[in-house]
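In what follows, chains are A, B, ... by sequence order, proteins preceding strands, each numbered from 1. Just so it is clear, the values below take in all heavy atoms, side chains as well, and ignore hydrogens, waters and symmetry mates.
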Amino acid sequence: MVKMSETETPPFRYTAALAGEIELRWQAYWAENGTFQAPNPVGELADPAHPRAGAPKLHVQDMFPYPSGAGLHVGHPLGYIGTDCYTRFQRMAGFNVLHPMGFDAFGLPAEQYAVQTGTHPAVTTAANVERYKHQLRRLGLAYDERRSFSTTDPEYYRWTQWIFLQVFNSWFDPSVQKARPISELIEKFEATPEWADLTPAQRREQIDGHRLAYMSEAPVNWCPGLGTVLANEEVTPDGRSERGNFPVFKRSLKQWMMRITTYGDRLVEDLDSLDWPEPVKLMQRNWIGRSRGAHVDFPAGSDKITVFTTRPDTLFGATYMVLAPEHELVDSIAPGAWPNGTKDVWTGGYESPAEAITAYRAQAAAKTEEERTADGKVKTGVFTGAFAENPVNGARIPVFIADYVLAGYGTGAIMAVPGQDERDWAFAEVFQLPIIRTVEAPEDCEGAFTGDGPAINSEWLDGKEVVEAKAAMIAWLEENGKGSGATTYRLRDWLFSRQRYWGEPFPIVYDETGLPIALPDSMLPVELPDVDDFSPRTFDPEDADTEPETPLSRKKDWVQVELDLGDGPKMYTRETNTMPQWAGSCWYELRYLDPHNAEKLVDPANEAYWMGPRQPGDSGGVDLYVGGVEHAVLHLLYSRFWHKVLFDLGHVSSFEPFKKLFNQGYIQAYAYQDDRGFYVPAEEVVERDGEYFHGSQKVTRSYGKMGKSLKNVVTPDEMCDQYGADTFRVYEMAMGPLDVSRPWETRAVVGSQRFLQRTWRLVVDEETGASRVSDAPLDVKSRKVLHKVIAGVREDMAELRFNTAIAKLIELTNTLTPLPTVSREAIEPLVLMLAPFAPHMAEELWGKLGNSGTLAYADFPVADPAQLVADSITYPVQVNGKVRGRVEVSPETDEAEVRAAALEAVAEVIAGREPKKVIVVKGRLVSVVI
RNA sequence: GCGCUCGUGGCCCAACUGGCAGAGGCACACGGUUCAGGACCGUGACGGUGAGGGUUCGAAUCCCUCCGAGCGUACCA
């Protein structure tokens with residue numbers, strides 16, 4: 001703890017107490033004056049008198065937080081402080097900066113807390129939001145607070161529901177690869193003769209089958225432990241829920257889906273237009289998992305097995321087929337008895353195909369995903385007893401079932417080409433199946449060859465390289481009606497309904513047909529009703545044979561509702577599912593632009609200004625979006641999808657929501673365990689001789705996330721109390737590059753405090769509080785340093801390199817500290833450059849320098865190019881790679897002169913030998929080779 | 001297993017993208033100031049860049065192999 005003796009600390013020293021006083025005062029000033037309000041081009045937030053009205057815009061956003069009950073720890077605001085420093089800089093550099101903050105406030109924790117305590121989630125959420133706002137305000141984050149909202153605000157989720165209706169009322173037209181209003185599809189249907197023969201309900205069903213939001217009875221991820229279904233993206237690879245880690249089962253249930261798969265191509269291709277980290281693009285590409293190839297039909301008795309393959313060129317090498325155990329054709333193709341010549345290994349030891357299939361299915365179903373993975377190298381399967389015909393050469397090939405073929409991908413069936421596929425090779429070895437190479441492999445190649453090469457053993461394809469052979473085979477398949485070129489995706493449609501309370505209600509009701517009806521815009525928002533019991537019915541986490549029951553369904557007087565939807569008042573039944581937590585974060589970047597617009601989601605003029613494309617081909621979108629890499633797939637994929645639907649329907653001019661993405665690193669912390677494995681409070685641990693002690697007890701150190709359970713949480717509030725917000729901000733930005741994770745070290749924070757104290761002391765007399773600044777000009781040498789620092793800081797700020805920018809500011813401060821007089825010429829730019837990092841102190845010093853008001857719109861210093869030219873350059877002179885001498889010359893000296901001077905400087909080393917080569921690198925060094 | 005990213009003084013990190021390894025901070029040592037501690041002012045020590053090889057006049061930076069760490073992914077046909 002910092003203890004300051006009252007009698008000895010000078011009254012105007014920059015202590016935590018003084019910092020706290022200054023910070024509160026400036027936070028109040030900014031709030032009262034609306035300092036960080038950004039003007040819109042039109043509407044309620046337009047302000048032609050604003051200093052940045054009509055200026056070039058910059059739209060910077062953080063991934064907004066879920067306001068948890070635990071509040072913030074020092075890791076949370078890292079990105080927020082980063083964007084704050086960046087936007088404060090760009091505002092001073094002349095941009096009209098939009099930097100808003102909101103809250104993603106629907107979600108499970110508030111609901112679970114409500115279940116435990118009976119407190120309404122809205123109450124908990126509001127309290128948490130207030131706490132977050134308070135904590136963020138204390139850090140001096142310069143948000144336009146008029147634009148803040150929570151996704152739980154009815155005025156906000158009214159538009160979330162509105163977008164749902166847009167999606168519901170659209171269909172995807174493959175001929176133009178975009179969404180169109182469903183009314184245009186209905187017109188098409190009405191023009192067909194069959195339409196007249198359909199009943200109204202049949203017509204509705206047909207239309208509903210094309211909507212981008214639709215209901216489907218399909219296998220979904222049912223999580224009894226949570227009492228809800230989950231999206232594929234919310235299920236971990238080992239088949240458990242991402243939240244809560246409960247088992248997840250595949251169950252066929254009727255649920256809302258969004259047709260995100262229709263956007264697969266655009267979601268892949270438009271990644272090229274984005275300035276995103278490559279790993280994130282890669283993760284999205286992998287998740288979408290587009291692969292091009294062909295569908296090929298294999299006749300099997302009276303049935304036809306369609307497979308998907310990326311290697312149609314290897315069809316002549318297909319020596320057997322494999323269906324997923326769940327494939328629908330398995331039972332119909334399997335004969336009653338094993339055919340003659342069936343090998344023993346194929347039967348699994350069973351008497352008949354039916355027995356073998358039943359047993360194998362049971363065995364596959366009993367295995368957990370983990371076991372499957374662990375056994376991954378040993379291929380299992382069983383013969384169905386059936387044969388199929390290879391369509392290219394009529395070969396009779398056996399059909400197996402095996403769990404290495406997944407029901408959910410492609411057609412759930414493959415043609416097996418062991419010569420060119422490692423998995424097929426492994427299976428063929430176990431089941432003694434023939435292997436035919438159809439691509440010429442290198443001499444030393446053992447096992448499957450997946451590389452490039454000329455086709456062999458493939459009749460008319462022989463000699464063709466892979467790419468050419470693929471194209472030729474697809475053409476042949478199409479000509480002969482045996483298949484066609486095809487593209488498949490790993491991406492599945494997005495499961496959009498949840499059996500929870502704390503989410504957006506669907507703006508959907510059902511009539512007596514049981515078919516969904518969209519509520520008109522005028523009935524939005526559909527407000528979440530109060531209920532007594534917030535919990536969905538949960539079950540034994542292991543009991544797959546259970547049915548979801550939504551909290552809203554118990555609210556009978558809400559579920560049954562009388563409405564006039566055009567044909568008089570009638571009773572309807574409300575949808576009782578709610579939307580997933582992603583819904584609110586799918587479009588929030590748009591609402592910041594026009595947060596109070598009651599007529600529109602966002603006024604087109606405001607959207608075009610803040611997010612519209614800047615030049616042809618530009619995607620538009622938020623200029624800089626900062627957040628954790630953990631949202632690489634879920635949030636970023638869903639919001640791209642919604643944005644594209646809104647784009648297709650003409651509601652926005654940008655076709656991507658986030659132009660540039662930046663993943664900030666994480667602040668992690670050490671945790672300490674005693675010999676029983678219990679965590680001890682990290683702040684009580686001391687280090688002695690490389691070992692760690694809690695009291696007298698030795699403890700072991702580990703490294704990881706900050707959290708209550710690890711007893712290593714440090715909060716921004718503690719840092720503000722001990723050092724002040726400005727010191728905390730400077731420390732977080734100085735400790736390393738924004739995108740690198742690093743350990744928190746409280747004892748190092750004092751370095752940032754000393755820096756700010758030194759800067760303060762340059763301007764303020766610690767005894768009297770008066771300014772020490774003089775109008776005397778800066779000395780020539782320090783002036784050079786000043787301008788070098790200005791140039792460097794500007795560059796660093798623009799590239800988000802705050803750690804090096806701060807290092808340069810410290811360097812400048814250290815240069816000024818020993819000088820006999822403190823020159824305004826240096827101090828003013830120093831204060832301005834410090835403002836993005838330590839805004840409160842900078843404002844205070846700006847006032848001490850005789851200015852009034854805020855420096856938020858003051859011009860960021862610009863270096864004088866004349867001052868960036870060095871007086872002289874010292875060239876190190878290398879001889880055979882080693883520095884042997886130096887020459888100092890004026891910057892204008894031409895190369896020949898530098899060379900001559902350099903040779904003279906190392907004449908002794910050269911000792912008369914003739915240099916083989918002399919390299920003069922201008923401004924850097926001279927290298928002599930002898 | 002595969003893919004990506006990264007290894008620089010005791011620690012957190014710089015190094016103009018091939019040009020004298022060190023900007024900044026923490027910790028440390030010494031001196032000044034101080035009743036003392038802290039703070040402050042000044043001075044200083046510390047590594048040749050994970051290991052090995054290659055390209056080059058010159059490598060922390062480019063290439064190859066290996067070691068280690070982090071992240072992602074896992075039979076996707």
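At whole-Å resolution of the value, CZ in A/Arg754 and P in B/A27 are 5 Å apart. Atom CG in A/Leu925 sits about 12 Å away from atom P in B/A59, given to the nearest Å. For the pair A/Asp739 CG and B/C71 C1', the interatomic distance rounds to 13 Å; values are reported in whole Å. Between the CH2 atom of A/Trp276 and the P atom of B/C4 there is a distance of 20 Å, rounded to whole Å.
A/Arg490 and A/Asn286 are not linked by any side-chain donor-acceptor pair at a separation below 3.5 angstrom, with hydrogens and angles left out of the test.
Judged by distance alone, with hydrogens and angles left aside, A/Lys916 brings no side-chain donor or acceptor close enough to the base of B/C57 to form a pair under 3.5 Å. In this model, a side-chain donor or acceptor of A/Arg886 finds a partner on the base of B/C20 within 3.5 Å.
If you take atom C1' in B/G38 and the same atom in B/A51, they sit 45 Å apart, rounded to whole Å. Between B/U65 and B/C4, the distance separating the two P atoms is 12 Å to the nearest Å.
Comparing B/A14, B/C26, B/C12 by their nearest atom to the side chain of A/Ala748 picks out B/C26. Side-chain proximity of A/Asn803 to the nucleotides B/A77, B/A14, B/C57 is greatest for B/A14. Ranking B/A39, B/A77, B/G25 by closeness to the A/Ile810 side chain, first place goes to B/G25.
A side-chain donor-acceptor contact under 3.5 Å links A/Asp493 to the backbone of A/Ile260.
A/Glu811 comes within contact range of the sugar-phosphate backbone alone, with a heavy-atom separation under 4.0 Å but no base atom that close.
Checked against A/Gln420 for a side chain to side chain donor-acceptor pair (under 3.5 Å), the options A/Asp313, A/Thr450, A/Thr438 give a single hit: A/Thr438.
Between A/Tyr404 and A/Phe427, the ring-plane angle classifies as tilted under the 30° and 60° cut-offs.
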